[in-house]
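What follows is one structure encoded as structure tokens, with my remarks underneath.
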Amino acid sequence: MTVMKYGQAIDYALGETMARDDDVLTWGEDVMLIHRDLLARFGPERVRDTPISESAFLYAGIGAAMAGLRPVVEIMLVDFLAVAWSGIANAASKFRDFSGGSWEVPLVVRAGCGGWYTDGGQHVQTLWGQLSAYPNINVVCPSTPADAAGLMLTAVQSDEVVVFLEHQLLSEQWIDYLGGGSRATVSFDRLVPADGAEGDVPLPLEPLPLGQAALRREGSDVALISLGVGAHRCLEAAEALASSGIEASVLDLRCVSPLDGNAVIEQARKAGRVVVVDEDYVRGGLTGEIAALLLEAGVTTKYARVAVEGTIPFAPHLEYAALPNADRIAAAVKGLE
Amino acid sequence: MTVMKYGQAIDYALGETMARDDDVLTWGEDVMLIHRDLLARFGPERVRDTPISESAFLYAGIGAAMAGLRPVVEIMLVDFLAVAWSGIANAASKFRDFSGGSWEVPLVVRAGCGGWYTDGGQHVQTLWGQLSAYPNINVVCPSTPADAAGLMLTAVQSDEVVVFLEHQLLSEQWIDYLGGGSRATVSFDRLVPADGAEGDVPLPLEPLPLGQAALRREGSDVALISLGVGAHRCLEAAEALASSGIEASVLDLRCVSPLDGNAVIEQARKAGRVVVVDEDYVRGGLTGEIAALLLEAGVTTKYARVAVEGTIPFAPHLEYAALPNADRIAAAVKGLE
Amino acid sequence: MFDESGAPACRTDSLISVGDRVLAGDPVLPTGDPVLFSASLCGAPTRSRISEAGMGLPTGFDPAAAFRAMVRMRLVDEALARAWADGLVPGEYHSGIGEEGIVAGVLGHLTGRDSMALDHRNTSAFVGRGTDITALMLEVMGSEDGLNSGWAGHMHLMDPGIPAAADGIVGASGPLAVGQAIAHARLRPGRVAVAFHGEGAMNQGMLMESYNLAVAWNLPVLFVCKDNRWSITTRATDVTGGDVVKRASSFGLTVEKVRGDRVEEVHRAAGRLIARARTGQGPGFLYAGCHRPGGHFEGDPIVRLLRSPLRQAEEWGPSIVRSAGAKTGGSRHDRIAAAKVLAGRVARAARDYTARTRMDPVKRGRRLLDQAAAERIESLEHHLVDQAMSDARGAVGPRPTFGVVRGGPR
Amino acid sequence: MFDESGAPACRTDSLISVGDRVLAGDPVLPTGDPVLFSASLCGAPTRSRISEAGMGLPTGFDPAAAFRAMVRMRLVDEALARAWADGLVPGEYHSGIGEEGIVAGVLGHLTGRDSMALDHRNTSAFVGRGTDITALMLEVMGSEDGLNSGWAGHMHLMDPGIPAAADGIVGASGPLAVGQAIAHARLRPGRVAVAFHGEGAMNQGMLMESYNLAVAWNLPVLFVCKDNRWSITTRATDVTGGDVVKRASSFGLTVEKVRGDRVEEVHRAAGRLIARARTGQGPGFLYAGCHRPGGHFEGDPIVRLLRSPLRQAEEWGPSIVRSAGAKTGGSRHDRIAAAKVLAGRVARAARDYTARTRMDPVKRGRRLLDQAAAERIESLEHHLVDQAMSDARGAVGPRPTFGVVRGGPR
Ligand SMILES: Cc1ncc(C[n+]2csc(CCOP(=O)(O)OP(=O)(O)O)c2C)c(N)n1
Ligand SMILES: Cc1ncc(C[n+]2csc(CCOP(=O)(O)OP(=O)(O)O)c2C)c(N)n1
Ligand SMILES: [Mg+2]
Ligand SMILES: [Mg+2]
């Protein structure tokens, strides 16, 4: 057990797999500087800067994975994955099926996602709902260093495609890289969930199976379901609600796909009230899928969603209001009464 | 009122707007041959072949729309839109908001979508759920020539971005273009919904407002909700169900976004049973969104979904089984009993 | 022989080896043809199996082996085109007829775990590298007994044994081959990856990106541009700026330009580029012109027009004429320009389809052999391919509407 | 004056015109400066307003106007960089310091409805074309009173009045400008669209696609590549094959290559290319080298390292050393190679940041004027920009955590 930061935990897990398996390597824009510790340990053949050619180097990851490597392809921010979308939509998600099941694509796509630190509507999306629409694409977004390490271990060892989204607000690497580190005049303390950004990581690392939600808080009045920073916002809201006598459970899905439907249904059954909190867009994100799971299972429940309703504005106070913050969550819960 | 084919109706509507408004023009791969009638009438400046550069010519459409034109950018099949996804995800959907509401993007993105005619998993997707995830993107997929004409008229006249999806199975242009026209040995008659492929178009054309569903069939036992070819499959299934004494209503949404939530809720309330039939993937498509609408509205209903569960296989019988066919729909309805 | 790696270490009971057994001992047709005896026919090759012999040096040209490969490619494509016309192949079918010289010329250098990334026009490359042709035919015909259990169809054929993967997204073969090359460089130095693509694909961003990436990382990859002048119904030069060979070269790729109907020329140039790539001297770009007499895909509308002008004119003519004369619309100038575009396109197509039919690589390749040897190869390959197709047809049966059992107009 | 289109037809009460009012009558600084008097300051221009005068001919170079534009760009960027450091600008800020010569040289030719598509490093282009600088500053500071009501931030600034749009997706400025050029060609012949982008962007597929499209359609567009050698922390030549000027030229673009710190050189070359574009002779590509002393964005980690090596070494050093010495990991060779990469990167950055600081276009541009005139311009521009920034600061106030009122660590 040791204390790690969120980004550090991911790189730690990646480093451990790289040490064990020569076929694991990583490339992406600026990875040599961002992951300088991995570079120092494994050398420039296995930690490699790319040109700003997301399509080519993502498709190259697919080709390399099918030819024997286990690439971890880093796309700085998930928004930029849009320029390489075909690699996900038409290739990574399809090739195993096209081959009739005979050819695996052991690929990890790593990208930052999420807002709260103010970078404008093209740099703070999550897109996780859409990514998980495609067949054979696993999508994870951990909310703590321990989960981040465990899920990265699983991702790299998996023979399937895993999109590993690291939340930019939790990642000290991204916050620092984007210039934050050099000015004392700005503090993200009010915004960064402290035990998401830093926390205990059990050693030796264990892979964390995909599709297992974690119950972060017990509570019988309402079930808050989320992941990533959203899980922390739910906990914030739960504290506030507790003071008005409402006990909320908080379920951290950890994976968007596969999605832990059983855990969702269990919490919904218990509480009879569900609020899905999603940093993705209201359409095509988590909220609809969870509603469908509930209806399919015949669970009778009240339901509300707190998600991103439109373009995420740049101005920090507008961004804060547009993201699923604790106030919005608490209001949604109260709206269910 | 005149009888038109589906693709013909779309081009008719486009032609009428082009005749009225010099700023309307269209470009895309092979449009000069595919839309040879428009070319003959408006000339090569307004109907223009592009290189195979979807990203560039979609972004160019955005730039042109912001600089005074009303481009109809054709991306052969929606699957290929994935190579230009950033144009949707980061630009077309965002620029009006980024401008603080001061700059419109009057753009139509036209693309074929959908399966049943056997073209393999990279050529038969619909992706409409994902497209409608983004802010400010309207997404339509008409199921009849009349709707196709009315919606195209609306799309071109709109100051917003409209993704106009024409279903490949309904479009005589696509079926012919993909070689079908030259062999008498293959018939799509069993597969093509006859009154989707050809039908009356009221003249003079009236724009069909976005977000208005059409009730194609009344029935009080179960509500089938779909669009595109799916609406026809629902009607097929409804006929079959009727013979076992189950009366199904069929709601054709016509637009994925904006979605006619009121109509959905009304049908669901009436029947107390809903089957959503979606040619998009089960995740991130229509089915989840409709479930969320129902739960949010507090409608008590049984619910099932018939959608695409994974990669769409190439082999026609496998493809047929993977798509939401009438048998699957009827089975889902019976599963709700 | 296509290279010096010697006779393959295994025999299988595939149709191809039946052909070879018949051929065994024939001095003109040596048995050790790695192009037609691919890894996939011999089970998954182990690393040790890969002979490094010949890697790094251009390999010798064997006209008989090249001709034989081309004949087989041609026959398989023709058989599939017929099956398509007979309603046995669902969807589109993009034949490689006319491009065999390019594919065979390049494949003559590939051995062992050399890999390929392909586009929608891929049959000949699979055939040339030894994919089981019955399995391939069954796949293209949409059978669950096909190479990919009916999941791929002809645009997404996958043969991990070669390894070779096809992707129907134009331009994707480039970066996929780059990825294969990254793996080669780490896991099996000396191996190359080959990307085949059309000239139209050269305007697809990811392909250009992949040229750059290959050079920046100095990868063992060869990009082969088969310029058949058209992308579907668009003449490539109408939508392409500059010269594509210069374009490739500007990325720092080593380029060669050849006539694609001369397999020996292709073989020579490809050999130089592949030798450089194998020895770590960087990626190459081979440009080869060719002609596709069958059009973009079977049923190509322009080919239909050229073959049955009256019928097609009847079909297209009335509405074009009506549109051109519509009361509202573009100016006279616009409409005349449109007529010119349409007429010009057809005229150019007609010119290409008459003048360029001479560019048949199989016919040309035949002249490299003596008559008797050529005939023997042809008859054996005919036998082989006919057999495969008749097996495939037998397996799928007549299958009205391809075995779709329900569905119908309301 | 930057061009011959004469004095602007309107005055506004914007800060810029305040500056101009002060300057009115000054013989060195004529009032009719369309670069700083953009369309947007004069309300939406009508088509008739657009003077065709001078279109088609390279326009004369006016050192004072160019210097004045550069000074204003520099001052605005410096003011915003300070505001960033003071915690008043949220997120990233990419200043254009060091690139003013390129931007001013090109903008000297733009008038009326000539349009621009920009990337993340866009402030100077907006400033140069006359976007209200207070509104711009407020936008960058995340105020609802900003140019785009706080929705854009500095990476997505939009000024429909110019028109000019910025897109934070690398490479997107190219095809966006192509689209603007399509509209120009139809709606306002003679107008040009300009895309500014970096050298790193030249590896982004859509930008290359847009070069091709511009040539294939013969569009009035100018691509301007500002080569500052780096894309964030990656040295462009490490990831780029071939020569980017040849690359652009291979698409059929007419290219010119200049030193970006010499505004007069930029102006001359841009004039030739823009004149061609305006007169339907096709698109151009202007390549201009430059240096960005502030790094990629404010707080750039490499700049931090160069400025405070000890502090940064303390921060990065221990874990790098630990990693390099880890029990498991790459070979000795790998680790040495890694150390070389890291050291090499820093060394090259250090070299660039010392040797290339001489490449200051503003300092160089100053020498084109007599001392007194330069000083006058500087003082007036200082006044102007200081005023704007103090207004902007006043408007947003101290705003701890940028006005986010809730949220906090659990
Ligand atoms: C990204 C993408 N855009 C469009 C298509 C449709 N399409 C298939 S083949 C083709 C033409 C390709 O031309 P070329 O690269 O010259 O190859 P050829 O067919 O001539 O061999 C097009 C446009 C596609 N498959 N993928
Ligand atoms: C598609 C995409 N990929 C990556 C990024 C992240 N990014 C922003 S600026 C930049 C470097 C751009 O380099 P260059 O084009 O040389 O412009 P410069 O910043 O040097 O002016 C990168 C990689 C992005 N914004 N968009
Ligand atoms: Mg071609
Ligand atoms: Mg740069």
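Quantities reported herein were computed from a predicted structural model and do not represent experimental measurements. Each chain gets a letter, A, B and so on, in the order the sequences are listed, and its residues count up from 1.
With respect to chain A, the highest number of heavy-atom pairs below 4.5 Å among D:Ala324, D:Ser143, D:Gly171 belongs to D:Ala324. Looking only at heavy-atom pairs under 4.5 Å with chain D, the residue among A:Gly15, A:Pro51, A:Gly43 that has the most is A:Pro51. When each of D:Gly330, D:Gly241, D:Gly205 is checked for heavy-atom pairs under 4.5 Å with chain A, D:Gly330 comes out on top. Taking chain A as the reference chain and counting heavy-atom pairs below 4.5 Å, the highest number among D:Arg335, D:Glu92, D:Gln312 is found for D:Glu92. Across D:Gly91, D:Ser323, D:Gly325, the residue that shares the most heavy-atom pairs under 4.5 angstrom with chain A is D:Ser323. Taking D:Asp334, D:Thr233, D:Asn148 one by one and counting their heavy-atom pairs under 4.5 Å with chain A, the maximum is reached by D:Thr233. The candidate with the highest count of non-hydrogen atom pairs below 4.5 Å against chain D, out of A:Ile312, A:Thr311, A:Ile34, A:Asp79, is A:Thr311. Considering only heavy-atom pairs separated by less than 4.5 Å from chain A, the leading option among D:Ile302, D:Ile232, D:Leu88 is D:Ile232.
In this structure, no portion of A:Val47 lies under 4.5 Å from any heavy atom of chain D. If you measure heavy-atom distances from D:Asp167 to chain A, the contacts under 4.5 Å come from both the backbone and the side chain. Contact annotation for A:Met32: both backbone and side-chain heavy atoms come within less than 4.5 Å of a heavy atom of chain D. With a threshold of 4.5 angstrom between heavy atoms, D:Met206 approaches chain A through side-chain atoms but not through N, CA, C or O. Residue A:Ile52 touches chain D through both its backbone and its side chain, counting heavy-atom pairs closer than 4.5 Å. With a threshold of 4.5 angstrom between heavy atoms, D:Ala337 approaches chain A through its backbone and through its side chain. If you measure heavy-atom distances from D:Ser149 to chain A, the contacts under 4.5 Å come from the backbone alone.
Nearest approach of D:Thr328 to A:Ala19, heavy atoms of both residues: OG1-CB, 3.4 Å. Between A:Thr118 and D:Pro90, the closest heavy-atom pair is CG2-CB, 3.3 Å.
Counted within 6.0 Å of CD on D:Glu78, heavy atoms from surrounding residues, nucleotides or ligands total more than 12; the atom is thus considered enclosed.
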Worked verdict on A:Asp49 versus D:Asp238 for side-chain contact (heavy atoms from CB on, under 4.5 Å): CA-CA 8 Å; A:Asp49 284 345; D:Asp238 285 348; over 6 Å; no
Verdict with reasoning, A:His123 to D:His156, per side-chain contact (heavy atoms from CB on, under 4.5 Å): CA-CA 11 Å; A:His123 287 62; D:His156 318 113; 4.2 Å; yes
Are D:Val239 and A:Glu29 close enough, and set up right, to give a side-chain contact (heavy atoms from CB on, under 4.5 Å), and what steps lead you there? CA-CA 10 Å; D:Val239 292; A:Glu29 291 152 34; over 6 Å; no
I would like to know whether D:Ser319 and A:Arg36 meet side-chain hydrogen bond (donor to acceptor under 3.5 Å, both in side chains); could you show each step before the answer? CA-CA 9 Å; D:Ser319 74; A:Arg36 52 195 171 268; 5.7 Å; no
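At a threshold of 4.5 Å between non-hydrogen side-chain atoms, the residues A:Val186 and D:Phe402 count as touching. Side-chain contact between A:Asp119 and D:Met155 is present, with heavy atoms from C-beta onward closer than 4.5 Å.
Rounding to the nearest 0.5 Å places CD1 of D:Ile320 at 8.0 Å from CG of A:Leu39. In this structure, the separation between CD on D:Gln204 and CD on A:Glu54 is 5.0 Å, given to the nearest 0.5 Å. Rounding to the nearest 0.5 angstrom, the gap separating the OG atom in D:Ser331 from the CZ atom in A:Phe42 is 11.5 Å. Here the OG atom belonging to D:Ser231 is positioned 6.5 Å from the CG atom belonging to A:Asp30, to the nearest 0.5 angstrom. Considering CD of A:Glu45 and NE2 of D:His333, their distance stands at 7.0 Å, rounded to 0.5 Å. Between the CH2 atom of D:Trp316 and the CG atom of A:Asp176 there is a distance of 7.5 Å, given to the nearest 0.5 Å.
In this structure, A:Thr185 contributes its side chain and D:Ala85 its backbone to a donor-acceptor pair below 3.5 Å. Judged by distance alone, the side chain of A:Ser53 and the main-chain N or O of D:Asn203 form a donor-acceptor pair under 3.5 Å. At least one donor-acceptor pair closer than 3.5 Å links the side chain of A:Arg183 to the backbone N or O of D:Trp84.
For residues 342-353 of chain D, the interface with chain A (any heavy-atom pair closer than 4.5 Å) comprises D:Leu342, D:Arg345, sorted by residue number.
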